[in-house]
Each structure stands twice: as structure tokens, then as C-alpha cells.
Undergrad: 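Attaching a single structure in C-alpha cells format; questions to follow.
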Amino acid sequence: MAAGAVSPSLLLLLLLPFLGGLVTAFLPTRARTVLAGVAGLVAAAAAVKVITLFPLVRDGGVIVETFAWVPSLGLDLVLRMDGFAWMFALVVTVIGVLVCLYARYYMSPDDPVARFYAMFLAFMGAMLGVVLSGNLLQMVVFWELTSLVSFLLIGYWHHRVDAQRGARMALVVTGGGGLCLLAGVIVIGQIAGSYELDAVLAAGALVRASPLYPLAMVLVLLGAFTKSAQFPFHFWLPRAMAAPTPVSAYLHSATMVKAGVFLLARLWPVLAGTDLWFWLVGGTGAATLLIGAYAAMFQNDLKRVLAYSTVSHLGLITLLLGLNSPLAAVAAVFHILNHATFKASLFMAAGIVDHETGTRDIGKLNGLIKAMPRTGVLALVATGAMAGVPLLNGFLSKEMFFAETVMLRSQPWVEWTLPLVATVAGIFAVVYSLRFGYDIFFGPPSTDLPRQPEEPPRWMRLPIQFLVLACLVVGVAPEWAVGGVLAAAARPVVGGVLPEYSLAVWHGISPPLLMSLVAIVGGVLGYLWLRRRQERGELLDTPGIGHISGRELFEAGLLAATRAARTFLHVAGTRRLQPQVFAIVAAGFVLALLASRGVPLEWGDRARLPPSQPFVLLWIIGMVCAIGAAAMAKFHRLVAITLMGGVGLVTCLTFAWFSAPDLALTQIVVEVVTTTLFLLGLRWLPMRLEGVGERDALRGRLRRGRDLLLAIAVGGGMAALSYALLTRPAPQSISPFFLSRAYSEGGGTNVVNVMLVDFRALDTLGEITVLGAVALTVFALLRRFRPPAESVAQPLQQRAVAADTGTDLVAPSRDGEPVGYLLVPAVMARLLLPVALVVAAHFFLRGHNEPGGGFVAGLVVAIALLMQSLASGTRWVEMRAQVRPVRWVAFGLLAASTTGLGAVAFGFPFLTSHTAHVTLPVLGALHVPSAAFFDLGVMTVVVGATLLILTALAHQSIRAHRKLAPRAGDEPGET
Amino acid sequence: MSVLRRLVPAPALSLVLFALWLLLARGAAPADLLVAAIVALAVPPLTTRLRLVHAPLKRPATALRFAMRVMVDVVASNIEVGLDVVFFRTRKPDSHFVVVPLELRDPAGLAMLALVTTIVPGTVWSELAVDRSSLLLHVWNVGDEAAFVARYKQRYESPLREIFE
Amino acid sequence: MASLLPGLVIVPLVLPLMAAALLLAIDAGNRRARSLINIAATAGGLAVAAVLLLAVDADGGHGVYLAANWQAPFGIVLVADRLSVLMLVLVGLVGTATALYAEAVWARAGAWFHPLFQMQLLGLNGAFLTGDLFNLFVFFEVLLAASYGLQMHGSGWPRVRSGLHYIAVNLMASALFLVGLAVLYGVTGTLNMADLADKAAAVPDGDRGLLHVGAAILAVAFLIKAAVWPLNAWLVPAYTAASMPVAALFVLMSKVGFYALFRLWTLVFSEAAGPSAHFGGAVLLYGGLCTLAFGTVGLLASIRLERIAAYSVLVSSGTLLAAIGLDAPALSAAALFYVASATIAVATLFLLVELVKRTSIEGGAQRPDIDTAPDEGDNLDDDALPLVGRAFPVSVAMLGLAFVACALMVAGLPPLAGFLGKVALLAAALQPGAGPAAWSLVFLLLLSSLFATTSLARAGIRHFWSKGGRYAPQLRAAEGGAVLFLVAAGVALALFAEPVMRYANDTATALHAPRPYIDAVLGARTVPGPTTPDTAPARPPAPALPTVEPVVVPVAAQEAAGGRP
Amino acid sequence: MSTLLLAATTFALGCYALASVLVLVRLVRGPRAQDRVFALDLLYFHAMLVVMVMGIRHQSDRYFEAALLIALFGFVSSSAMAKFILRGEVIE
Amino acid sequence: MSTGNLLVDAGVAALLVGSGVLVVASAVGFLRLPGFFRRMHPPALAYTLGTWCVAGAATLHLSVLQGRAALHPLLLPALLALTVPVTTVLLARVSLFRRRQAGIEGTPTASLPRDREQ
Amino acid sequence: MEALLAMAIGVLAASGIWLVLRPRTFQVVMGLALLSYAVNLFIFSMGSLVIDKPPIVAAGIPADLEHYTDPMPQALVLTAIVIGFATTALFLVVLLAARGLSGTDHVDGESD
């Protein structure tokens, strides 16, 4: 045992193809000789490396190398090579070398083959990763990698629709299987306590005894079956034939599709041995064996024949593994090896035929043996192996298979059926082999081929020759050729103890031999019969299952799933706002209700304030206003805004009433600005007249009823909640702290203001940032503002000149100076400006001690300026005052944050306030809190942001005027 | 003088602002006076361009007298209109529009006139001609229209013309 | 390193704030300076976040910063613990990439992109750092206010329409937030999260119902931001309509909701909360599962890449919510790893969308918006097209590789970080004794991977393997660099998964045992002042004079826990 | 607080509230927009009075500032509305 | 905590009552009078005397309370005088405009030279 | 008083919710404004209703909740008012932009 060896040999082996792929990716894209050379050398090096490792694994030795990756997930890079892995590694690398060579000649000189070779080598690496995995999770990693790379390889000719579809199908099916595998592996890992292969293999009994065993097994099987194209997931493999033939030869015969059976064999000691395993694996294998072989007989495309045959052979291997017999497992391993050799060579041969003749249609191809005798012979030998002709390797493993079916001990009908199935499948195999071999190479030479066939270059044949030779050698002298390898490979599969078996060509006359004979004879007869029928134009499609195409089912299924998904989204989601808002409100209400249900709510017992009649009247006004606004907002917007003003006012009075002077001040100025904002916006909204275009359908009424119910419920809930809280004694609040420290440490008597600029200055900083962000957004949005068509025209009022005979409305300002109805307001507003500025200064300076502060002061300034625009027009104001609101915002933010940073400079936390005490003659002691500078920043931001928003909105009207200017001439004529 | 002029471009305004500050600050400590002075000096120049720049008040005494008269009128009209409102059914005041020709042209003067008209109950400033030549008033109880116009012009317009023109 | 910690905590806030102010002050014409400031500030934020991460990880503690130098339950406290710092690093990563990316084209598409960008970062960083509930609201508003602007950056009807919905929904959420926090304040009398945890446990039974109501309302607000179904219909339109760098940045935003829920729930409704322990976990769990299912189905239904990305956001949101709803440290740890990988992955995808679309003429518009049924005609011998491959231009090849990497991350396929996150979640969910909810989570996770694979493959085929002619897209260095940066981050996350996983484990353990956090926050001491404040001045500060007699405030409660001497 | 003052302030507040209710009726009834706007202006004004009387009632000078703000800016909303009715836009 | 001076209290109370009565009277008038222009008259009662009474009451009250002249409440009537005309002037104009627009006969007008020229 | 204020909050909230659920942008923005009043009052009411005890510390009065109202909710409301103002303004502008781009004032841009 070489476990734990630090020798990096396996890592090197694994990395080699990846590095090679990386190198090839950067080589000139059409230098196929160089690319093939590099790739081939890399593959060859890997192959040599693998071969040199054989002694280490021959007698049950295991090489393990561990590299930590994510130990906490149980996911480490564990490279583990035993005999079985070695065999696979050998297949992967050796056939890799051959395919590299072959592809050099197969690919067109115009093909960008760098990508091909890069991905090819990457695939080789991924496949090596799968087989060398000593950790199940790691195996999943490489498993999915092979799916991915195969997707890219199948889609190599990506402009072809068949390649796109085939690639995607392969990816979805095998990738999906991979995900199942992942789940299965995790379940197994949880049962076994580790994902390490050694640990899992040792915990086989534990796994099988677990209640989760069926689930884990099914998940793992899903992974394996999809990868190995088992029925009913087999359909992707024929579609994957859109790949370049070297890819098919490599992935779809020798390596990737074998990953599934590799996994079954790998976990055989853990999962096998139960009835469930037998029925699932064996049943699937048998079905696949039959269906694949049956479908293969009727294909007219060379590669599709091979693809279905591959499906069938994979079914055979699966069936063997499912028989729960060590001997069958050995046979399975043997067949894996054999199938890889003959199928790879057949694919390559098919590729040559395709390459030379320009078609793969069996119907068109005839008598090629004359044009390409050497290729023909090679192909025929390989076909023989596929058919199970004696003295070729296929015969041997197939005989072992027949023997196993016969020896199976199970229920009587199974014992009887299985050999039959095997024989029938054998017959089918002979039929399709004959179709492949005989049909195209014998008979009168075709004349209507797209290209005149001739022998391919010698080097292109070389890989086939090599493989066919292997078929022969194994077929003739199995024990000598592969006995050791097979023993080494099969030993880990069956759990370390090999069953008795003999690799010999001749075992005497036995049931298997008879079955083989029946198969061959039956096959030949069947072939002749089929051929005659097909010459008559019958049976060109697969009878029975021809119209049930897995591919179509898959595509249609995907389509239906997509459509269903869309329908679902349509039902479960929405693109409309109302349902979203409804959902939010309802969710809030329902969750709150549910939350309160657990612990019932009750009113508190705090002493209530006696009601005061004026206040009651006040809130009657407030509620009427609120309800009125809700009712009027649709048709009488101005009224709604007015009523809203009433609500704001009452709110403001409530603040004043209940000891919140700061809030009252803020509310009142905000109210003014908000109302103005609404009015500014109203200009661009369409007229909406009651009763016009109203469809008062039942549905609308129902919806309104529903909304009303929810609104009332939520309102009631809010009221109840607020009442419950209002009547409770105040909790142990943190507030006394603020009250006691506000003056002594915050330097101000107005605790609310001290909180804003000191205790919770960070909130204020965020708040002014919000203001700034909103102002910027408004500005940016309105720069691109495109007024609605019918609002571009001047408002009705401004057009109605004729009716207003004594009008001063046409041009209320002359040379910027207001006249007529605006004269008096303008003078008043201008008089108010200095007054307002003084008031603002007053609010700003007193803020720390008395109600007021930077925010109110800022809004006072903003409203005073707004008033000027209102009375005198924006242009007048802007002609005279360079207000650059963005600068104000910038300055304010800088001032506030630098004030905060000032504290840092003195070693205090951000925003720590400090009061400087200065004593001046006459004036006495002065206290200058740093918070004042912070508040100055607040004020500046408020002024800037408010003005930015308001002027940006107001400018729209000016723009509209400007747009109208050219047409102003004919305006009076219209009216 | 010119320095003073530049420093205090609008003495009346500055004075008003000074007083305003002291009122707002509710005190006259040295610190308050200082800040009041700063405010009174700083705000007018800041707002020059956004203000009507007009000649300083010509006759402070007339202005003061005018103000007193208005206050008296306000109280009187309050009582009159108040009674009319409460006993509207029986007293049936003669309310309608009256056009008053104007000689006053100064915007500030007109604004003052509007102010007075508005705060004295019984008259509502309704419309000013574009060329400022006449004024439309809504009057609560007119009686003799010519007499009303004459009284209005005499009581309010002429003092304002004196003050502003 | 540890000594650096407290002072550094404020930097992620100050940096974007100052940058935003500077960007506003700079003349609009000076584009180069703006770009420079923007990128420098963002990258600086990343660097600071990284240092913070190392510092926090090194001493395993909590960087507690008492803003304005006030004791913890009273003033606003910023807390850099493992969780918040992890989020900060994500903000830095995604922020840097998007800042870089946006420089190429998008920064010029409308006014004031840069300051809004910085404000968004400020909001994000603040939301992750703050330890105060109301301050959290404020930072939510900051990030939302900035996000409104960014979402509609570039204007246009789709943006404005979805923006309108987005804003309306978020305003509703803000209202709920305020109501919820008001109730919590009304019941417990505090806003500090750590203090809240203590007070909530001690709430009298008569008030517990109110506490729960408040928490439920607050939760709805967070759930909206975390885009839980059925409150998530705003997300896909808003994210897909936004310009793509903005959408990439927005990936972080849905994580804020998750963060807030995670933070508050582990803190307030931990084991120590007595009768309230684990309150509402079922809502998180089933809400998360519904969201996950919704997002999964959405993935399958999506053809356009940006929609795939947006639904991936939903998938990750649902996954995270369900994971924390199950309330197991192992799952939380997995969720934290997942949040890192998912954020990076989806952000990368958003950045890629636009570049990828440049490769095909009209983004594959020649095909209908839904898969076509298989046509019988396409057999293997598609004679019309030769069996000769077409070379990809280098830029397309690079894009393609980036796309593949990104698709792997999003779909959770190996070998990148997305897979590791998924494995971690699956392994944690499939602990022995996993209930039906855990199994549903597992099932949906796998299904989402499958659907993501399907859709991404479909989209990749459409864009990279299109039948028609292809343009070699113009890739600007900034764009390519940004994408590569994020992909590299994803790869690094996979390579160094172990330390990250360990970090996530530590974080989860700490979150599920919040006592040290609470103690650290409440035990943080203020910096003593240089001079004893003048406690009884002869008169209050000039010039404003209170109407009452000169104020003498009794210096009571000096002994109240550790105030400034 | 003397009973007299208490009664007087209560009476005044009641009067203002009653007046506000009357004005509200006009606000809701209209009939024209100008009536409503004027009503809003009056509401603001009444609010100012209420605040001032509350100052007297609570012997406090702090309510003055709120009244000041209403006196200073109460007209802005209503004049903006008036201008809107007149011109169809608020700021030209 | 009254001002302690019964006379002052009585004065303040009287002023308050007066203002209350005036305000109610103006509101009644505003509600009940026919025609918009008629309705515009009564509020002036409240704007002027009603406010003056309250301001006077506040000034008196505060001055006695603080023991010094507290004149600032008088600012309010002054400011009101400055701001109220803005709204009323505009509203009167609105009403005229709308009457003309509706084509109501007999809508008066300040005679305008320009119209005569036309 | 408590019951009245609670009722008022309920009515404001109900009106706001009703409007927010309407299909016209203007209704929605009005609803949001009403809702923010309700929320502000709600937060405010957490400090419990106290008359004439503003949180402005004065000499000789013990600095506790007996003699002053709770300043915290007020500070919160102040911030909330400002933020509400800003977001209302923003929403208004967005609805104008939406109206300009779509031609209708329906929240989904559907023509009536």
C-alpha cells in the first residue's frame, strides 16, 4: 500500500492535461499539426505515466495522495489510484493519444482547432479527475466538469443548430444527473461520516442498513444512468453525435459515457447486494440493452448506429453490475475495456468514411471496400468485435455476460427471461453490426457520393489499427493480454476478493456458446430479412418506438416546462403595482395579527389624559380632512391637496400640544414645501373628470371593497396598537440619560436638538445624505423629463385669454418686473425675504437651546427663496441671484463630515462634539459648540436640496414656455 | 458718507431687522445687540438684488400718522363689519365692486395700499389695472359710491403718495 | 492590528461620504478627476474592509465604535463583527468592480452618477456596521435614496416604470420599518440592538405580544428588502431595467434585508430570549422556501440574461432566508459562505450581460422569446452548414470564458465557489434528522441549479453560438478588468475556501451565541474628554437666551454606567 | 394658573376649534376652488391662534416660534394654490 | 402659577374672549355669506382685531410673567399684515378670472387702457 | 386623549392605505404622504402624551421622565419627517417622469 505517499505523481498526472490545455489555448488557432503534436505529447506523457504506475496497483495496491482543499466541508483533493482506476486512466490516456492523432487528420485545415484541443485536453483532465477521485465530492466536481466540457465539445461546431441542441441536451441531462449524484453523495457521506472513498467503501454495510439507503442509491443511480445514457435517459447520446467524430470516439464511446458505469462499479461494494439494486440497476440495464440494440438496427446514420449500439452496450454493462454477482462485475469491468477499444475504433472508422465520402447515410454508402480496403478491413474487424464474433475481444465479455444471465439465481421468470433478453439483444447486435459493416463496405460501389472516396492518410488509420490489433490480441489470447490488468481492475470492484473465472476463448460447449451461436445465426438471418424489407422501402424508421422520441419528449418537455413556468410566474408574480402593495399591506397585517395571537394583547393601565374639547374638535377636522383627501384624490386633486394641508396642520398642532415644539416647527415648514411640491407636480398631470371613461364594473367595485376592508382593518390595527402602547407605562427607557446629559455634556438645553447634532448625529448625517441623494436624483430625472403630449401646451388658464378681457395674465412680468396681479404679491414677497433670513438666523442660532435648529432654518431660507420664484418668476430670481444648489449640498455635506472628522483629529470618535468656551470683554462668556458647525452643514444641505428639487421642477415650465415660443404667434388665433 | 451708504444700503430695513432680531431674541444684552447689529448689516446686502431698491422713506412722521389712522380704521371697520356679519339678514349691507382711479404708481406704495385695503375690513383689493391707473375693489358696504372713492383716495392714497413718491 | 480596529470602523462610512461631497463639489466637466475619486474611494473602501476583516478575525472580537463618543445604549454604536465585516468586504469587491465597469460607459449616461454611487456605498456600509435600530433605518434610507437615483440612471420608460414601483414598495417598507421599530422602542425603551436583546428577554409577559407584533412588522419590512415571495415582484423589473453596473451593485441590496434579519433574529430571538426564542423562524423558513421556488421557476422561464440574473438574486435570497430560518449554526455558516459566492456570482453575471449582448447583432432577437418546439427537419446531416468550425475573436473567447465561469458560479456547478456554497448548504441541511423543510430546501437547491444551468446554457448558446454573423464586441479595458476582477475573486474564493469556510463557521457560532457581542457593545468605553465639561455655566451659550432663569442642570446620574467623567 | 385664565384660554381654544370646524365645512363644500383655498388659509391662521393661546395657557414662550412660522409662511401654500388655479402652474 | 395679578389676568382673559368671539363671527360669516367676494370680508375681522387681541393678551401676559417688556408677540400681527394680502389679492384675482372665464355677465373690471384700444 | 389620538392614527393610516392601493399615481403619492403622517404620529405616541413638558431642560427641574417628555421619539420623528419629505418629493418627480414617458397617470403605465 502506498497510501498517504507524498509523491506528487498523481497530481502531476491530473494537472498535465489541464496545463496542456492551457498551453494549446494560446497557440495559433489553426496550427493543427503543432496543436495535435502538443496535445498528443501531453496525452502520451500521461499515458506513459499511467503505465509506469501499474506495478504499484497490480496486486491490490492503492496510491493515495491527499491535498487539503476545504476540510471543513469534507472536500479535499484526494487522488487515489487502485487497479480499477488505473484501468480507466489507461483507457482515458491511451485512447486520448490515439484520438489526438486521428483528429489531426480529421479536422479541416480551416477549423480553429486550438479550442478543440484545449477542450479535449481539459476533458481528459476532468475524466482523469473522475477516475482518480478518492473523495466522492471531488468526484462530483470532476463529474460535472466532464459534463461541461462535453457540452463545449459537442457544440464545437456551434453554428449548427443540431450541435447547439445536442450540446444543451447533453448538458442538461448529464448535469442534472450530476446534481442528483451530488445529493446522493452527500447523503452517503452523512451516513458514512465521510466523503473519503476509502471510508465509504468500508462503511458499505452501514450504508445499506440506513433508512436513507434507497434514497441515496436512487440519487446516485440517477447520476450514473444519465451519464451512461441508460434508458430512459439514453436519448441525449444519439443527439450528441453532432459533435466532431473524434469527440464521439473519445467521449461517447470510451470515456465519458463510461463514467456512469465507472461510478456503479466504484460504489458496487457499497451499494450493491440488495434486491433494490438488482431490480433498479439490472432492470434498467436490461431495458437499455434491448432498446438500444433494437433502435440501432434501424438507424441510417453511421454514427447513430454506433451511438445506439453504445447505449445498448452500456446497458449490458449496467445489467452485469446489477446482477449482484462478483463474477458479473468482473465481466462488466472486462466489457468496459473491450467496448472502449472496439467502439472507439468504429467511431474513427465511421469518421473516415464520413470524411472521405462526405456522407454518413448507410443508404447511400455501398461497396466502399474497393475504394478504401484497409480502412474497410479494420472497420470490419472492429464490427466483428462489436457483434461478438469469436476470437475478438467482444466475444469474450459477451460470453461472460451470457454465462452470468444463465447462472443467475432469482425468481423463476427472471431466470427464464434474462437469457432470452440477452440472446435477443445479441441477435440485434449482430444485425446492426452487419448493417454497419456489410452494408457500407460490400455490394456495388455507390456512385452518388458527395465526394470520391479513397484511403485516408496512413497516420489517420494508425489509431484504428492499434485498437483493432488490441481487439484481436485480446480476443485470441485474453489471459496473456489482459489477464493481469483485469484482475487488478476487477479486484477493487468486487471488494478485494476476486471470484473464480477463466479468461479463455474456449470453454467447451456451454449454454453461453449456444446463445452466441443463436445470436450470430439469428442475427445474420434477421439482417437479411431486414435488408429485404428496407429495399422495399419499409422499416426505414424504428418500428414500434420510432415515433416516441426521447429527444422530442425532452425538447417538448423543456418547452412545456418553460411555458408552465411562465404561467406560474404570471399567477404567482405580478408586474402591476397594486397587487404588490396589497400583498405588502396584507402581509404586514396578517403577520402582526399572527404574532399578537400567541400572547394576547391587552390595554395598559396607565392613567389616561382627560380629553379636551378643542383637541377633540381639532382631530375631528383632521380625520375629516384625511378621509376627504382619500375620497377626493382621484377627481379633485387640488381639493385633496388642500385637505392634506389640513391634516398636516392638525398634525403640527398635535405636536405643539403634546410638548414637541421642534416637531411642530419642522412639520409646519415641511408642510408648506410639500404642498408647493404637489402643486408644482399637478401641472403635469392629466385632467381627470368625474364620470368620464369610468367603467364601474363589478370587478372594480369588488376590488375597491376589498381594498377598503383591508384599509379599515389596518387602520384599526394601527389604532389598537397605538392605544395599547399609549396606555402602557413607559418602559425603562434610555431617555433619562439624554435629559441629564444634554446640557452638561452636549452643551445644549434643547434635548431633541442635542440628540440630532450630538447623541445621534450619525442619524442626521445620514438624513442629510438622503436629502442630497434625493435632490440629485430629482435633478437627474428631470433633466431627461419629457412632458406628456397634452401637457406641453400651456395650461388652460394661460390660453384662455379672450374670455378674461381685463387680463394681465398674458405676461405677468415685464422685463422681469412683475405687473398687474403679481405686482402686490411680488413686493410683499421681496419685503419678506430679509425678514425670513433674520428669522432663519434666529432659528439656527437658538437651535441648540430652544426649539429650532439647522433643519428648520434651512427650510425657512428655502421657502423664502421659493416665494420669490412664485411671485416674480424663476427667471427673475435666477437673473439676480446665482443660486447653485448643488454647491450648497456639497458644502453642507463637507461641513458636517469635516466637523465630525475634527473630533478624530483630536483623538475622539467621529462626530464627538466639543464646546469652546471663550470669554470676551463686554460680551461675557461665549460657548461655541462644534455641533453648531455640524448644524450649519445640515442647514446648507437642506437649503441646497430643497432648492434643487423645487427649481428643477419649476424649470420644466420654463422649458415648456421656450418650446412654445416659436408657435406663440398663432396662439391667439386659435382662441 | 459713501462708506456708510455702502455699509448700510437700506437704513430703514436695517433698522427694522435690528429691531426684529431684538424682538426675536427677547433681550437686549450686549451679545444680543452685537448679533442684531451683525444681522441688520449683513442681511440687506445679501438680498439687494432680490429686493425693490427704492428711495428711503421720505416722511417718517406722515408714515407714523398714517399707521395710526389705519389702526383706528381697522378697529372701527371691525365693529361695523362684525355687526353686519352677525346680523346679516337684517342689515343687508350694500356690497359691490367699485372702480377707483389711481394716481399712485410706486410699486411699494401700491403694495402698502393693498396691505391697508386688505387689513381694513370692508374692502377687498380685487384687481389692479396693468398700467396701475385704476383699481377694482369689492366693498362691503358702499353707500354713496363717489363719496366712498373720494374718502378712500383721501384717507389712504394721498398719504401713501406723500410717503413713497 | 487589533489596536487599529476601533479607529478603522468609521472609515467605511467617512470615505464614501467625503468622496460624495467632493464629487458634488467638483466641476461637472472634470470627468477624469471624478472617475479617479470614485474608483479610489471605492477601492480604498475595499482595502479598509479587508484590513478590518483580518483584524476582526485575528482577535476574534468586535470592533465597537462609539460614534460621537457616547456610551452604547445611548449613543449610536457601530459594530464591526465578523458578519458585518464580511458584508463590507463584499460591498468593497462588488463596488470596486462596478465602479470600474461604470467608468467605461455608464457613468456618463446621466447626471450625478458618481456621488449617488458613493452614497449608495455609504448606505450599504452603514447598514452593515450600525448597531442601532433607528440608525439602521437611516442607512436603509440612504442606500435606498441613492438606489432610486441609480436605478433610474439613464432614464427611459422601463426604468422609470419599474423605478416607480420600486420606490412605492420601498416607501411602504420604510413605513413598516418605522412602525415596527417604534413598537419595539415603545416596549423596550431602547434602540440599541444589543441592548434590545437584553431588554427583550426581560419584557414582562403582558408586553410580549406587543414585542412580537413589533418584530413581525419590522420583519415584513426586512422581508420586502430581502425580496421574499410574495413581496418580491418589484425586484426583477427593477433590476433588469436598471443599467447593468447598477444592477450588479443592487445584488448587495437584497443582501441587506437578509443581513438585517439575520443580525436581529440571532440577537433578539436567540436561545436567551426566553419565551420569545426562535420567534418567527417558520416565517423565514417557509418564506424562504417559497422565494426559492419562485426564483427557481423564474430561472427556467427566463430567456434574457438579465432576467436570469435577477431571478438568481431571488434564488439566493430564498436560500439564505430558508437557511437562517432553519436556525442551525451549520446552516448559518453555509449560508454565509453561500452569500459570498452568490453575491459575487450574480454581480458578475449582471456585469457580463451587457458585454455578452454586444456579441450578437441584436441580442438574438431574430429568435422568438421562448424556446421553439423541436422542428422535425433538423437531422444530423444539416447540409446547409459545413462541418468546419468558426473561430472566436479573442474578445469573444475571453467573454465566453468569463461567462462560463460566471455561469458555473451562479448555477452552483463545480469547481468554483458557487458549488462549494451549495455543497455546504446541502451537507448542513442533510444532517441526520432533517425534516421535510430541509428536504424541500435540498430539492429546491438542486432544482435551481438545474434550471440555472438550463437557462444559462440557453442564453449562452443564443449569444455565443448564434447562427448569424457576429461582431467582435468592443470591450473596454475597464469593463473587461471589472469582470475579470470579480471572476478572480470567485476563483480565489474557491481556492481559499477553507479559511473562508472557517471564518463562516466562526461567524455563525458567534451569531448563535450572541452574549459576547452584547457584552462587547454594552461594555465599550467612551474616550475620556481632555477637560471636564463645564457642568454649571453661569449662563447658557450665547447668543440665544432661554426665557427662564439661567440654567443649572443638575448633574444627576453621573454614575449611570460609564459616562464621560 | 388662575381659573380665570384657564377658563378664558379654554374658551378661546374652543372658539378657534369651532371656527375651524365651520371653515372646514366651507373647505369641504366649496363650491369653488377659491373658497377652499381661502378656507385652508384660514385654517392655518386659526392654527396660529391656537398655538399662541396655548402659549398663554401654559405660561410658556416656546409656542411663539411656531406661531411665528405660521404667520410668516402660512400664506405660501394658499397663495401657491391660488396661483395654480389662476395660471395652471405655480412657478413660471 | 398665574401672573398673580388679577387685573392683568382679567385683561388677558377679556382679550382672549374678544378674539374668540371675533374669530367665530368671522368663521360664521365665511361659512354663511353668499358669494365669494362677500365671504372674503369677514375673515379680515379675525386677521386684524382677532389677532391683535391675542397678541395683546400674550404680550401682556408674558410681560407681567417675566417682569419685563415682552413685545415679540406683536410681531405676529405685523407679519400677518404683510402676508395675508398676498393670498387675498391672488384669490380675488382668481375669482374674477374664473367668472370671466365662465362668461358670467357683469363681471366688473378695473378699466384697462389696452382694452379700450382694442 | 389617548383613544382619540389612537383613533386619529388609525384613520390616517386607513386613508393612506386606501389611497396607496389605488391605481392613479397621484392617489398613491397622496396615500404615502398620509401614511407618513400616521407613522410619524405613531412614533410620536411612543413617548406617551404629555402636555407642557417639552424636552428642554431647565434649571431646578430634575432631568427625568417625570418632568420632561421623552425626547427620543421626537428626535426619531424629526428624522422621519425629513426623510418622508425627501422621499415624497422623489416619488412625485418619478411619477411625473413616468407620466411624461407613458402618457398616462396609471401606476403601471397602462392607458386607462
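Residue numbers start from 1 in every chain, and the chains themselves are labelled A, B, ... in the order their sequence lines are given, proteins ahead of strands.
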Undergrad: Which bit of E:Val84 comes within less than 4.5 Å of chain D, counting heavy atoms only: side chain, backbone, both or neither?
TA: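 Neither part.
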Undergrad: Taking every heavy-atom pair that is under 4.5 Å apart, which of D:Gly74, D:Ala39, D:Gly55 has the most such pairs with chain E?
TA: D:Ala39
Undergrad: Looking at E:His61 and D:Ile56, what are the two nearest heavy atoms and their distance?
TA: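 Distance-wise, the nearest heavy atoms are CE1-O, 3.3 Å.
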Undergrad: Hey, mind stepping through D:Leu42 and E:Phe30 against side chain to side chain contact (heavy atoms under 4.5 Å, CB included) and telling me if it holds?
TA: CA-CA 10 Å; D:Leu42 278 175; E:Phe30 179 67; 3.8 Å; yes
Undergrad: Testing the basics here: between E:Arg32 and D:Arg26, what is the closest heavy-atom pair and its distance to 0.1 Å?
TA: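 So the minimum-distance heavy-atom pair works out to N-NH2, 4.3 Å.
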Undergrad: Do the side chains of E:Val94 and D:Lys83 get nearer than 4.5 Å, heavy atoms only?
TA: no
Undergrad: Using non-hydrogen atoms and a 4.5 Å limit, figure out which bit of E:Ala55 sits close to chain D: side chain, backbone, both or neither.
TA: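 Both parts, backbone and side chain.
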Undergrad: Which heavy atom in D:Leu4 sits nearest to a heavy atom in E:Ala13, and how many Å separate them?
TA: CG-CB, 3.9 Å
Undergrad: So do the side chains of E:Leu90 and D:Ser79 get within less than 4.5 Å of each other, counting heavy atoms only?
TA: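 When only atoms from C-beta onward are counted, D:Ser79 and E:Leu90 do touch, with a gap below 4.5 Å.
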Undergrad: Do you know which of D:Leu22, D:Val25, D:Val53 has the most heavy-atom pairs under 4.5 Å to chain E?
TA: D:Leu22
Undergrad: What distance separates E:Arg98 CZ from D:Arg32 CZ, expressed to the nearest 0.5 Å?
TA: 4.5 Å
Undergrad: Using heavy-atom distances under 4.5 Å, tell me whether E:Ala46 contacts chain D through its side chain, its backbone, both, or neither.
TA: both
Undergrad: Rounded to the nearest 0.5 Å, what separation is found between the OG atom of E:Ser26 and the NE2 atom of D:His46?
TA: 5.0 Å
Undergrad: Report yes if the side chains of D:Met81 and E:Thr87 come closer than 4.5 Å at any heavy-atom pair, otherwise no.
TA: no
Undergrad: Against chain E, label D:Ala33 side chain, backbone, both or neither, depending on which of its atoms sit under 4.5 Å from a heavy atom there.
TA: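 For D:Ala33, backbone and side chain are both near chain E.
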Undergrad: Flag the pair D:Phe73 / E:Thr83 as yes when at least one side-chain heavy-atom distance between them is below 4.5 Å, and no otherwise.
TA: no
Undergrad: Measure the OG1-CZ distance between E:Thr88 and D:Phe75 for me, rounded to the nearest 0.5 Å.
TA: 11.0 Å
Undergrad: Side chain, backbone, both or neither: which part of D:Ala7 has an atom under 4.5 Å from a heavy atom of chain E?
TA: neither
Undergrad: How far does CG of D:Asp41 sit from CG of E:Leu91, to the nearest 0.5 angstrom?
TA: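 That separation rounds to 7.5 Å.
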Undergrad: What part of E:Leu16 gets closer than 4.5 Å to chain D, counting heavy atoms only: side chain, backbone, both or neither?
TA: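 Both backbone and side chain of E:Leu16 come within 4.5 Å of chain D.
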Undergrad: Looking only at non-hydrogen atoms, find the nearest pair between D:Ala71 and E:Leu76 and report the distance.
TA: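 Scanning both residues, the minimum pair turns out to be CB-CD2, 3.9 Å.
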Undergrad: Using a 4.5 Å cut-off on heavy atoms from C-beta on, say whether the side chain of E:Val54 contacts that of D:Tyr16.
TA: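 They are in contact (side-chain heavy atoms under 4.5 Å apart), so the answer is yes.
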Undergrad: Write down the atom of D:Ile85, the atom of E:Phe97, and the distance for their closest heavy-atom approach.
TA: O-CE2, 4.4 Å
Undergrad: In Å, rounded to the nearest 0.5 Å, how long is the span from CZ of E:Arg39 to CG of D:Asp35?
TA: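 Taking CZ in E:Arg39 and CG in D:Asp35, the distance rounds to 4.0 Å.
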Undergrad: Quick one: pull up CG in E:Leu31 and CG in D:Leu27 and give me the separation to the nearest 0.5 Å.
TA: 11.5 Å
Undergrad: Can you tell me which portion of E:Ala14 sits under 4.5 Å from chain D's heavy atoms? Options are side chain, backbone, both or neither.
TA: neither
Undergrad: Within the 4.5 Å heavy-atom criterion, are E:Leu80 and D:Phe45 side-chain neighbours or not?
TA: yes
Undergrad: Report which part of E:Ala78 has an atom under 4.5 Å of a heavy atom belonging to chain D: side chain, backbone, both, or neither.
TA: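 Neither; nothing under 4.5 Å.
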Undergrad: Can you classify the ring geometry of D:Phe38 versus E:Tyr47 as parallel (below 30°), tilted (30 to 60°) or perpendicular (above 60°)?
TA: tilted
